[in-house]
Peer 1: 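Structure below; questions to follow.
Index from 1, following the sequence. Every number for a ligand or one of its atoms is a count from 1 in the order of the listing.
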Amino acid sequence: MTDRNANKMWGGRFSVSPAEVMQEINASIAFDKALAPQDIRASKAHAAMLAAQGIISKDDAKKINAGLDRVLEEIAAGRFQFSRALEDVHMNIESGLEELIGEPARRLHTARSRNDQVATDFKLYVRDWIDGADAALGGLQLALARKAETHCDTIMPGFTHLQPAQPVTFGHHLLAYVEMLARDRGRFADTRARLNECPLGAAALAGTSFPIDRHMTAEALGFDRPAANSLDAVADRDFALETLAAAAITAMHLSRFAEEIVIWMTPQFAFVRLSDKFTTGSSIMPQKRNPDAAELVRAKAGRIAAAFQGLLMVMKGLPLAYAKDMQEDKEATFDALASLQLGVAAMTGMVEDLEPNGEAMRAAAAGGYSTATDLADWLVRALGLPFREAHHVTGRIVAAAEAKGLTLDKLPLADMRAVSPRITEAVYSVLSVQNSVKSRTSFGGTAPQNVRKMARAWIKRLEKAAGKG
Ligand code: ARG
């Protein structure tokens with residue numbers, strides 16, 4: 001049995017329906033229906049331009065415009081019948097429009113092709129996503145900055161090689177992620193600025209002989225200008241690649257924080273607590289509280305980075321201009337962008353929910369001889385030792401403390417003097433974790449006063465930007 005819709009759009013040339021497997025591999029409607037709002041937006045702009053240029057009548061344009069609004073309503077209400085025989089979102093919508101308004105719908109495809117149509121729709125989709133992601137990332141930054149302000153003097157061990165290195169403040173650690181996310185937002189903003197050229201009107205690949213006004217459609221759709229080369233306009237997917245690359249980097253940042261939450265949640269660390277809202281129990285082990293959301297955020301980085309790789313491979317070696325290969329650009333992109341959006345939302349929830357265990361963090365910061373650098377610095381400042389020598393002396397003092405099972409601030413002065421006789425009582429002022437963080441006042445350092453100032457500046461900036469949006 002042949003589908004009544006088969007070959008509806010090019011029936012003049014074709015007499016036999018496509019093979020079942022041809023339909024299956026060829027149709028994209030199952031996933032590209034996500035582009036319906038953008039497709040309708042672009043079609044409305046196109047119809048208005050065709051009428052303004054006298055290519056279709058004003059009356060037809062009016063009917064098309066109203067009809068497209070109704071199609072969108074039908075789709076939003078879940079009443080629209082998508083047909084696989086009509087391949088993709090473009091032909092489904094055009095066919096649905098024809099059912100509603102008849103003949104004028106058949107004039108809509110004048111001076112355009114699905115090639116410029118899909119490039120325009122996909123660009124609009126990616127651009128819409130970037131705008132949403134930017135706001136969501138701003139929300140995550142704000143949650144981090146607020147928590148950082150609250151904990152600007154909560155001491156924790158800072159790590160290198162995941163070995164205790166020097167004490168830092170929890171607020172300082174959180175603000176590190178605010179900086180990363182600021183760069184992420186910058187990358188999305190750069191991508192958005194570069195993608196904002198409109199492919200519509202490039203038609204199949206060569207432009208059109210109709211007297212269209214590409215500047216008009218570009219402006220109506222919020223683009224800065226029409227894309228300058230019709231071949232490039234339909235062949236370009238840089239905008240998706242760049243967005244995925246930026247998304248992969250953002251996801252990598254989120255995965256690092258997610259990993260830290262996982263580590264901090266283990267009873268061995270016990271640095272933070274997440275409430276029941278962001279943890280799960282075990283079906284067999286009653287004592288468990290698992291950070292599943294953090295683990296899933298950590299894992300999403302994999303599929304997001306894979307989407308970038310995948311699209312890069314789809315595009316590699318494709319001759320100009322459009323090829324059906326490019327239909328493979330959508331599924332992984334949709335999935336990756338939705339995954340990041342969800343990851344950002346989950347991370348924002350976790351940050352708001354997260355309660356640090358100040359006692360455990362402080363105790364861990366005090367262990368591991370984390371003020372050894374402070375001792376070395378004191379030897380340089382107070383005794384005039386060259387840093388290399390101070391480093392060596394400190395190493396011997398740490399060894400002495402370790403032998404006695406004491407922390408540096410508990411080691412008797414006599415033991416220190418046995419290593420370096422000129423050390424005085426004053427050394428103890430730099431050996432506490434409290435004084436260590438307090439002393440790190442250099443720009444960008446971990447001193448609570450710095451952190452408070454930075455957190456407040458971020459909060460002010462982010463609240464202002466959010467209020468504006
Ligand atoms: N569904 C197609 C895509 O996603 C639309 C463009 C089809 N163009 C064509 N000449 N077959 O790429």
Peer 1: Parallel, tilted or perpendicular: which one describes the rings of Y177 and F257, with boundaries at 30° and 60°?
Peer 2: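 Ring orientation, 0 to 90° scale: tilted.
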Peer 1: For R84, look at atom CZ and say whether over 12 heavy atoms of other residues, nucleotides or ligands are found less than 6.0 Å away.
Peer 2: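 Result for CZ/R84: enclosed.
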Peer 1: Would you mind checking which non-hydrogen protein atom is closest to atom 11 (N) of ligand 1, with the distance to 0.1 Å?
Peer 2: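 Minimum-distance protein heavy atom for atom 11 (N) of ligand 1 reads R114 NH2, 3.4 Å.
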Peer 1: Can you pull out the closest protein heavy atom to atom 1 (N) of ligand 1? Residue, atom name and distance to 0.1 Å, please.
Peer 2: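 Residue, atom and distance for the closest contact: Q327 OE1, 2.7 Å.
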Peer 1: Are I130 and L195 close enough that some pair of their side-chain heavy atoms sits under 4.5 Å apart?
Peer 2: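 The answer is yes; the side chains approach within 4.5 Å.
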Peer 1: Check each atom of ligand 1 against the heavy atoms of S28 and keep those under 4.0 Å away; list them by number with element.
Peer 2: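 The list of qualifying atoms is 1 (N).
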Peer 1: For atom 10 (N) of ligand 1, what is the nearest protein heavy atom, given as residue, atom name and distance?
Peer 2: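 Answer, as residue, atom name and distance: N115 OD1, 3.1 Å.
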Peer 1: Provide, to 0.1 Å, the distance between atom 4 (O) of ligand 1 and the closest protein heavy atom, together with that atom's residue and name.
Peer 2: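 Nearest protein contact, heavy atoms only, for atom 4 (O) of ligand 1 is K330 NZ, 2.5 Å.
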Peer 1: Do L162 and I263 have side chains that get closer than 4.5 Å, going by heavy atoms?
Peer 2: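 They are in contact (side-chain heavy atoms under 4.5 Å apart), so the answer is yes.
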Peer 1: Tell me whether R114 forms a cation-pi arrangement with Y322, defined as NZ or CZ under 6.0 Å from the six-membered ring centre and within 45 degrees of its axis.
Peer 2: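 Geometry flag: not set, cation outside 6.0 Å or 45°.
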Peer 1: Using a strict cut-off of 4.0 Å, indicate which atoms of ligand 1 neighbour a heavy atom of D88.
Peer 2: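 Near D88, the atoms of ligand 1 are 1 (N), 2 (C), 5 (C).
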Peer 1: Can you tell me which residue and heavy atom of the protein come closest to atom 3 (C) of ligand 1, and the distance to 0.1 Å?
Peer 2: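 It is Y322 OH, 3.2 Å.
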Peer 1: Look at the aromatic rings of Y125 and F334 and report parallel, tilted or perpendicular, splitting at 30° and 60°.
Peer 2: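 Ring orientation, 0 to 90° scale: tilted.
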